[in-house]
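The structure appears right after this line, and notes come after that.
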Amino acid sequence: MFSKVLIANRGEIALRILRACKELGIQTVAVHSVADAHAMHVRLADESVCIGPNPASESYLNIPSILAACEITGADAVHPGYGFLSENARFARILEEHNITFIGPSSHHIEIMGDKIQAKKTAMELGIPCVPGSTGEVKTAEEARKIGAEIGYPVLVKAASGGGGRGMKLANSAEEMANAWSMARSEAKTAFGDDAVYIEKYLAKPRHIEIQVIGDGRGHAVHLGDRDCSLQRRHQKIWEEATAPSLSSKQRSDIGMIVANAMKKLKYAGAGTIEFLYEDGEFYFIEMNTRIQVEHPVTERITNIDIVYEQIRVAAGEELRLKQEEITFWGHAIELRINAEDGRTFIPSPGKITYYHPAGGVGVRVDAAIYQGYTVLPYYDSLIGKLIVHGRDRKECLQRLSRAVDEFIIDGINTTLPLFQDLLKEPDIISGDYDIHWLEKYLARTNQQAGS
Ligand code: MV4
């Protein structure tokens with residue numbers, strides 16, 4: 001096992017990782033920007049190192065600075081959390097070369113999944129169902145039209161280096177194809193420095209369902225069930241639930257086994273998430289994330305498995321002791337993302353928290369790194385906390401969620417909490433009947449009514 005782990009992140013996920021390390025008896029090193037000197041992750045770590053000025057590009061993304069922090073403190077492993085350097089294959093490779101363990105998959109697997117064309121090819125070879133489309137890069141407008149005619153319109157042209165919704169273009173007909181193809185290519189070139197694009201059949205009303213996996217890199221892997229993360233706005237999730245309300249336990253176990261078997265074949269190491277679009281009872285692979293995700297606590301709650309603890313264990317070379325047949329899904333869990341922003345316009349709302357009272361009680365978990373008197377900084381992501389609630393079933397979970405949102409107080413800044421109070425009254429939310437477009441439509445409808 002490691003003796004000292006450096007946490008290359010900030011905010012609630014840095015605390016989440018600190019907690020797992022402490023329980024394992026591992027020493028912790030926090031890194032921070034200048035303005036983060038008073039952050040909770042710095043206070044709670046055994047040691048801390050300032051790695052640069054406030055912009056993330058000069059601190060949390062600064063590889064030489066983080067390497068120097070490892071050297072100064074003698075850390076033998078780095079946990080990257082999510083965002084920042086978590087899916088940077090070059091960072092993982094540099095650490096490998098310095099004999100510092102990257103707590104995550106091999107740089108090779110990060111690289112494959114970072115290229116959406118390679119990821120899809122790999123998924124197909126591993127027997128994971130994919131969206132119908134081109135088999136690889138589409139290099140000419142002529143080829144694009146040929147594929148469009150084969151799979152039928154509408155189609156999406158996607159950037160190979162994209163993901164998270166950036167660099168996608170819709171073509172409704174053959175006439176729109178040449179334009180969509182060249183626009184997608186030039187946008188991809190500008191945004192990612194890579195103009196490779198591929199084509200998929202456009203699914204009109206899917207749900208976003210993802211499967212959590214963990215592997216030990218020696219051929220053992222398990223799935224920890226699914227999450228529905230369809231409630232998104234501009235590709236930012238705000239509400240996630242486990243298990244997915246639309247799936248039967250047979251569907252859950254069937255897709256879970258397909259994914260777990262694929263990860264065994266790949267000899268995948270660490271935690272990962274396989275993202276699917278789900279429509280009319282069918283799953284279609286879109287992407288794989290090779291990191292711990294923001295929404296992992298809903299899975300932890302219904303499986304009773306500490307995913308970060310398992311990440312650290314397998315990274316230290318220990319074999320996965322989890323057995324698929326012993327993993328069960330109990331009750332229902334929902335996570336709400338508390339962002340420091342206006343719940344209607346989503347305009348960021350940094351500033352001082354003048355009063356803080358988190359929700360508590362039975363079935364409630366709060367992952368946050370804020371406190372009364374803390375100033376939310378404008379330099380970083382607006383996620384300031386996560387409210388995770390569990391119930392015996394979805395109905396109890398929703399009732400508990402309503403009371404937990406009501407008792408949660410954050411004064412001094414705007415947050416997404418009032419939006420959640422409204423959402424919890426919506427019939428489609430209560431029945432679980434929503435797709436990836438539901439939230440944007442709801443916001444358009446209700447913001448219009450409010451005259452804003
Ligand atoms: C799609 C799609 C429809 N059909 N692919 C957006 C983010 C990126 N990860 C994949 N995305 C989509 N891919 C096909 N073939 C619709 C989306 C999409 C979406 C997906 C998940 C969650 C929210 C979304 C919002 C808009 C579009």
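Atoms within a ligand are numbered from 1 in the order they appear, just like the ligands themselves.
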Whether over 12 other heavy atoms sit under 6.0 Å from Lys201 NZ: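 Above 12, so yes.
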So is [X] polar-close to ligand 1, meaning N/O to N/O under 3.5 Å?
X	answer
Gln232	no
Leu203	yes
Glu287	yes
His437	no

Between CE on residue Met168 and CD on residue Glu200, distance to nearest 0.5 Å: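 The CE atom of Met168 sits 9.5 Å away from the CD atom of Glu200.
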Approximate separation, where rounding is to 0.5 Å, of Glu241 CD and Asp226 CG: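 Reported value, rounded in 0.5 Å steps: 10.5 Å.
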Ionic contact status for [Y] with [X], cut-off 4.0 Å:
X	Y	result
Lys158	Glu287	no
Arg234	Glu341	no
Glu335	Arg365	no
Arg16	Asp306	yes
Glu143	Lys146	no

Quick one: nearest non-hydrogen protein atom to [atom], plus distance?
atom	value
atom 21 (C) of ligand 1	His208 ND1, 3.5 Å
atom 7 (C) of ligand 1	Gly165 N, 3.2 Å
atom 6 (C) of ligand 1	His235 CE1, 3.4 Å
atom 17 (C) of ligand 1	Ile436 CD1, 4.1 Å

Sub-4.0 Å heavy-atom approach of Lys158 to ligand 1: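 Yes, Lys158 has heavy atoms under 4.0 Å from ligand 1.
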Close approach, Met168 and ligand 1, non-hydrogen under 4.0 angstrom: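 Judged by the 4.0 Å heavy-atom criterion, Met168 does count as contacting ligand 1.
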Which ligand 1 atoms are under 4.0 Å away from a heavy-atom of [X]?
X	value
Tyr202	3 (C), 4 (N)
Lys201	4 (N), 14 (C), 15 (N)
Val131	15 (N)

Donor-acceptor side-chain pairing of Thr140 and Glu142 below 3.5 angstrom: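 The criterion, which ignores hydrogens and geometry beyond distance, is not satisfied for Glu142 and Thr140.
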